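Please read these numbers as outputs of a predicted model, since none were measured by experiment. By convention here, the first residue in the shown sequence is residue 1. Order of appearance sets the numbers: ligands from 1, and atoms from 1 within every ligand.
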Amino acid sequence: MSDLLTEYLYVLSVVLFALSLKFMSQVRTSRLGNLCGVVGMISASAATLLAYQVHQVELLVGAVVIGAVVGSPIGLKVAMTAVPQRTAMSHAFGSLAVALVGAAEYYQEAASIDPASLLILCGEMVLGFSTFAGSCMAFAKLQGLISGRPFLFKGRSVVNTAVLVGAAGAAIYLVANPLLGQLVPIMAFLALLFGFLLVLGIGGADMPTVIAILNSFAGLSAAALGFVLDNKLLIVAGSLDGSSGLILALIMSQAMNRSFANILFGGFGAVASAEQAVPVQGGRTVQSYTVEDAAVVLQSARSIIFAPGYGMAVAQAQHAVKELADALEARGVDVKYAIHPVAGRMPGHMNVLLAEAQVPYDQLWEMERVNPLFAETDVAVVVGANDVTNPAAKTKPNSPLYGMPILDVDKARTVIFIKRSTGPGFAGVENELFYLPNTMMVFGDAKRVLTDMVAAVRKLGA
Ligand code: NAP
């Protein structure tokens, strides 16, 4: 009876995990997706308790209490801008758990384990330990505990490859000699060192993509453990986790026009900030306008598209953007929001902030859909975005941004550009848009500028 119930609960969990991913792919259904994930996890935990006889319940209860006491305040208090590092931490714990369960399984079953299972177990431990070290490094970089710049040294790729080959060599030797238990700590150390070195050479701003890749590694190692433990739920959940992490990393790297190899081994960030950053090109001037000038242009517009970016997140200006949109809509203006897939510093960054400000979902337009509309739009208001609007991505083959799809804000009749200076964005590249004749630069903190703009628009309308 309890076997049958376990099977049913496993099937229910698998269905809920798949639905969770499906629902989370749409902003409108994402909360339901989250709920499906939570219920799926509760059902999976219940099934696991039924399937395995738990002898020391107090250990289990103690672990759940400690996890809840530590995890709940973190989950409730974490700032939106700190979600990438929080995600890195949860990958670190998940992959460490998988690696430790793998090691425990080896020490319990070493005498009887077959070579194929031992090979999978070793692969799972190498992936788990390297993901743990890589995720801890990603956390430290994003949290500012260590410098976010990529640490590059000569022969880095050779050293990294040698360490990985060393870990793989220890694994193969262990498969050939299953009772040589002292090889496990050596293999674990080399895997930890590999994860540490790999992420050490990657710039802090590439960490969200790296985290998606590490997420995929953690999922793969969980799936491998599922094969060894003969646990179908772990295989399915690990595969879903691994493939969704990989798809997300692919989407992000495509949207940045970067290859995985360039992200993992390119040391991007060092180059951009040191060599290609060009603060202001000599002789050219930008047209700086006041909030009141911008309000006059907005007041006479019929259609407006907001293009938010990282600066909106820094300024926490999403509520002020919504307030301005409301004031303009009250005057009959058509308002849309253009969402670039890598605007900000994490996937869905702009969607989350705008949803928090109660912006209706149907006003959020993805890049492919909104780009053809700019040519017939009166005003594009760029709020703290930079790289994702830079025409150099289309016109300058030597630019690090070249080939990255951008929001075509330059095609709008007027561009109101809100930022604090003419400084570059993440890629360290000057934005040609600042100098176009139809661009009005309004300098200042986005929240302050937008709040003043709302007042100015209301005053004009009074
Ligand atoms: P961006 O190119 O980094 O530019 C952000 C701009 O915001 C800066 O130029 C800055 O200019 C301005 N800013 C900062 N604080 C501000 C404030 N308080 N008020 C007003 N403006 C402020 O941002 P983006 O256009 O959103 O592009 C995102 C970049 O990050 C892309 O290059 C993308 O490839 C990269 N990236 C994204 C992800 C992701 O998952 N979304 C992951 C990794 C990398 P001032 O200092 O002059 O104000």
Side-chain angles (χ1 to χ4, degrees), residues 80-81 83-85 87-88 138 141-142 148 150 202-213 215 248-258 262-263 266 268-269 272-273 276-280 286 288 291 306-318 320-321 337-354 367 380-393 399-407 409 416-431 433-434 441-453:
M80 192 55 74
T81 43
V83 167
Q85 50 265 49
T87 312
K141 285 198 172 197
L142 287 167
I202 301 173
D206 267 345
M207 283 307 134
T209 320
V210 172
I211 288 168
I213 297 173
N215 177 11
L248 180 58
L250 273 172
I251 292 172
M252 288 167 77
S253 50
Q254 268 170 12
M256 290 191 279
N257 194 34
R258 314 260 310 280
N262 180 268
I263 288 169
F268 194 77
S273 50
Q276 277 148 342
V278 189
V280 179
V286 297
S288 170
V291 164
F306 287 99
Y310 178 61
M312 183 182 81
V314 176
Q316 286 295 292
Q318 62 274 22
V321 172
Y337 298 79
I339 307 296
H340 191 285
V342 291
R345 288 292 183 275
M346 61 180 177
H349 205 166
M350 298 301 114
N351 302 63
V352 171
L353 292 175
L354 293 173
M367 181 174 64
V381 185
V382 181
V383 184
N386 197 342
D387 293 349
V388 298
T389 63
N390 194 337
S399 166
L401 290 175
Y402 189 68
M404 171 168 127
I406 56 157
L407 295 172
V409 290
I416 295 179
F417 212 125
I418 303 170
K419 71 198 292 288
R420 296 166 308 179
S421 69
T422 51
F426 159 64
V429 182
E430 189 183 34
N431 197 338
L433 202 54
F434 301 162
M441 300 298 294
V442 183
F443 290 113
D445 173 75
K447 189 171 175 181
R448 190 184 54 70
V449 167
L450 285 160
T451 309
D452 292 351
M453 234 176 236

Item to check | Spacing of CG belonging to Asn390 relative to CG belonging to Asn431, to within rounding of 0.5 Å | outcome: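 Atom-to-atom, Asn390:CG and Asn431:CG are 4.0 Å apart.
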Checklist entry - When rounded to the nearest 0.5 angstrom, what distance separates NE2 in His340 from NE2 in His349? => result 15.0 Å
Identity of the nearest option to [atom], non-hydrogen atoms only, from [options]:
atom: atom 8 (C) of ligand 1; options: Pro424, Ser253, Ala315; result: Pro424
atom: atom 32 (O) of ligand 1; options: Asn386, Asp387, Leu248; result: Asp387
atom: atom 7 (O) of ligand 1; options: Gly423, Gly348, Gly384, Ala393; result: Gly384
atom: atom 48 (O) of ligand 1; options: His340, Met346, Arg420, Met350; result: Arg420
atom: atom 1 (P) of ligand 1; options: Phe426, Phe443, Phe434, Phe417; result: Phe426

Checklist entry - Checking Gln254 side chain against Ile251 main chain: does a donor-acceptor pair fall under 3.5 Å? => result no
Item to check | Nitrogen or oxygen atoms of Ile418 and ligand 1 under 3.5 Å apart | outcome: no
Checklist entry - Any N or O on Asp445 sitting closer than 3.5 Å to an N or O of ligand 1? => result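 Among all N and O atoms of Asp445, at least one is under 3.5 Å from an N or O of ligand 1.
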Out of all atoms in ligand 1, which are within 4.0 Å of some heavy atom of [X]? Include the element for each.
X: Gly309; result: 26 (O)
X: Ala385; result: 25 (O)
X: Arg345; result: 3 (O), 23 (O), 28 (C), 29 (C), 30 (O), 38 (C), 39 (C), 40 (O), 41 (N), 42 (C)
X: Pro347; result: 40 (O)
X: Gly425; result: 1 (P), 2 (O), 3 (O), 4 (O), 9 (O)
X: Lys419; result: 9 (O), 11 (O), 20 (C), 21 (N), 45 (P), 47 (O), 48 (O)

Checklist outcome for this item: Those residues at least two apart in sequence (or on a different chain) that pass side chain to side chain contact (heavy atoms under 4.5 Å, CB included) with Val352 are Met80
Checklist entry - Looking at residues at least two apart in the chain, or sitting in another chain, which of them share a side chain to side chain contact (heavy atoms under 4.5 Å, CB included) with Ala385? => result Val382, Val388, Thr389
Item to check | Pro84 to Ile211 - nearest heavy-atom pair and separation | outcome: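 Taking Pro84 first and Ile211 second, the nearest heavy atoms are O-CD1, 3.3 Å.
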Item to check | Ala446 versus Ala315, closest heavy-atom pair with distance | outcome: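 Shortest heavy-atom contact: CB-CB, 3.8 Å.
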Next on the checklist: Between ligand 1 and Met252, can you find any atom pair, the residue atom being a heavy atom, that is separated by under 4.0 Å?
Outcome noted: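 True for this residue.
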Checklist entry - What part of Met312, side chain, backbone, both or neither, has a heavy atom within less than 4.0 angstrom of ligand 1? => result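 Neither; nothing of Met312 gets under 4.0 Å from ligand 1.
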Next on the checklist: If you apply the rule side-chain contact (heavy atoms from CB on, under 4.5 Å), what do you find for Ile418 with Met453, and how did you get there?
Outcome noted: CA-CA 11 Å; Ile418 303 170; Met453 234 176 236; 4.0 Å; yes
Checklist entry - Hey, what's the ring geometry for Tyr337 with Phe306, parallel, tilted or perpendicular (30° and 60° as the breaks)? => result parallel
